[in-house]
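Heads up, the thing below is written out as structure tokens.
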Amino acid sequence: MPSSDLEELTDGVLALTPLRPADAEAHFAGEDAELIRWLNGGPGTLAGTREYFQHCQEEWASGGSLRAFGIRVNGVLAGTVDLRFSGEHLAPGETNVAYGLYPQWRGHGFATRAVLLAVQYAASEGTRRAVIKAEPENVSSGAVARRAGFGLSGRVVEDGAVLDRYVLDLG
């Protein structure tokens, strides 16, 4: 299981830190139609966001299979990136990467930087291949995957949705 003692990952431009319940308000305020459609699957509530972020914190503390990071630019929460070390359509040694930025932070390369930092962490925890799954219509997500070095490996179906599956071998 991945370690749970991480405080911060940074590339000098942005930082990834474990999500915590105190981030819920900023996250909820940053959600827009794109995040709801592509990442969340439906509109949420502030109470539900707090509950989920508490779960994320508990996953970190217990060494669970979820690592949820806040993406921070100059200390401001700009979005999230999650690593799931097990799940549907993942072989042993594969980790799923999911990400989203709030509207004002899009278009500056932050999602690609966050994905690259997250997969470096995943590799340090034993991941041999990172996987990004995105709906084919989510052109922006596919572009982030390609800019981060992922290649399209095919399509999978999850919960009735057809998803492009991008992979990056980590060694």
Side-chain angles (χ1 to χ4, degrees), residues 2 6-19 23 26-27 29-41 53 56 60 65-159 161-171:
L6 178 78
E7 289 187 27
E8 179 180 276
L9 299 171
T10 185
D11 68 358
V13 174
L14 62 78
L16 301 183
T17 60
L19 275 178
D23 294 324
H27 177 76
E31 284 187 338
D32 69 340
E34 277 191 54
L35 273 181
I36 290 168
R37 177 178 181 194
W38 301 123
L39 193 61
N40 301 349
F53 282 20
C56 293
W60 277 100
S65 64
L66 168 65
R67 292 288 173 275
F69 296 92
I71 303 168
R72 298 179 195 284
V73 180
N74 298 321
V76 177
L77 188 65
T80 64
V81 60
D82 298 348
L83 298 174
R84 292 192 184 267
F85 290 87
S86 64
E88 193 172 1
H89 300 291
L90 292 176
E94 291 185 335
T95 297
N96 190 73
V97 184
Y99 43 87
L101 290 174
Y102 311 132
Q104 66 271 31
W105 300 102
R106 295 181 191 139
H108 304 286
F110 296 132
T112 302
R113 287 177 168 278
V115 166
L116 290 170
L117 277 173
V119 299
Q120 286 175 10
Y121 172 79
S124 76
E125 296 295 326
T127 296
R128 293 185 309 276
R129 176 181 286 161
V131 177
I132 292 173
K133 293 177 273 185
E135 292 182 40
E137 299 82 12
N138 188 347
V139 176
S140 295
S141 190
V144 168
R146 288 187 301 279
R147 281 193 303 271
F150 287 70
L152 183 62
S153 71
R155 289 198 165 153
V156 295
V157 177
E158 288 185 12
D159 299 323
V162 175
L163 304 173
D164 285 340
R165 187 176 194 271
Y166 296 87
V167 299
L168 177 64
D169 288 325
L170 302 175

Would you check if V115 and L168 make a side-chain contact, meaning some heavy-atom pair closer than 4.5 Å? no
How close do T112 and R147 get, counting heavy atoms only, and between which atoms? OG1-NE, 3.3 Å
Rounded to the nearest 0.5 Å, the OH atom of Y166 sits from the CZ atom of R146 at a distance of 4.5 Å
Does V13 reach the side chain of H108, with side-chain heavy atoms less than 4.5 Å apart? no
Can you confirm whether V156 sits close enough to K133 that some side-chain heavy atom of one is under 4.5 Å from a side-chain heavy atom of the other? yes
Are side-chain heavy atoms of Y102 and T80 found at a separation under 4.5 Å? yes
Taking the side chain as everything from C-beta on, heavy atoms only, tell me whether V97 gets closer than 4.5 Å to L83. yes
D11 side chain to L14 main-chain N or O, any donor-acceptor pair under 3.5 Å? yes
Minimum heavy-atom distance between P136 and D164, given as atom pair plus value: CA-OD2, 3.5 Å
Taking all non-hydrogen atoms of both residues into account, name the closest pair between G100 and I71 and its distance. O-CD1, 4.2 Å
Backbone N/O of A161 and side chain of D159: donor-acceptor pair under 3.5 Å: no
As a test of understanding, state which of E158, E88, E94 forms a salt bridge (Lys or Arg N to Asp or Glu O under 4.0 Å) with R165. E94
Look at the aromatic rings of Y121 and F69 and report parallel, tilted or perpendicular, splitting at 30° and 60°. perpendicular
Reported CG-to-CD1 distance for the pair L152 and I132, which is rounded to 0.5 angstrom: 11.5 Å
At their closest point, which heavy atom of L16 faces which heavy atom of A118, and how far apart are they? CD1-N, 3.7 Å
Under 3.5 Å donor-acceptor, H89 side chain and R155 backbone: no
Does the W105 side chain pair with the main chain of R72, one donor and one acceptor, at a distance under 3.5 Å? no
R128 side chain vs P92 backbone, donor-acceptor pair below 3.5 Å: yes
CG (L101) and CG (D32) are apart, to the nearest 0.5 Å, by 10.5 Å
For L77 and D23 the tightest heavy-atom approach is CD2-O, 3.7 Å
Backbone N or O of R129 within a donor-acceptor pair of the T127 side chain at under 3.5 Å? no
What pairs with N138 under side chain to side chain donor-acceptor pair (under 3.5 Å), at least two apart in sequence or on another chain? none
Say whether Y99 and S141, considering side chains only, have a donor N or O and an acceptor N or O under 3.5 Å apart. yes
Nearest heavy-atom neighbours spanning V73 and A78: CG2-CB, 4.0 Å
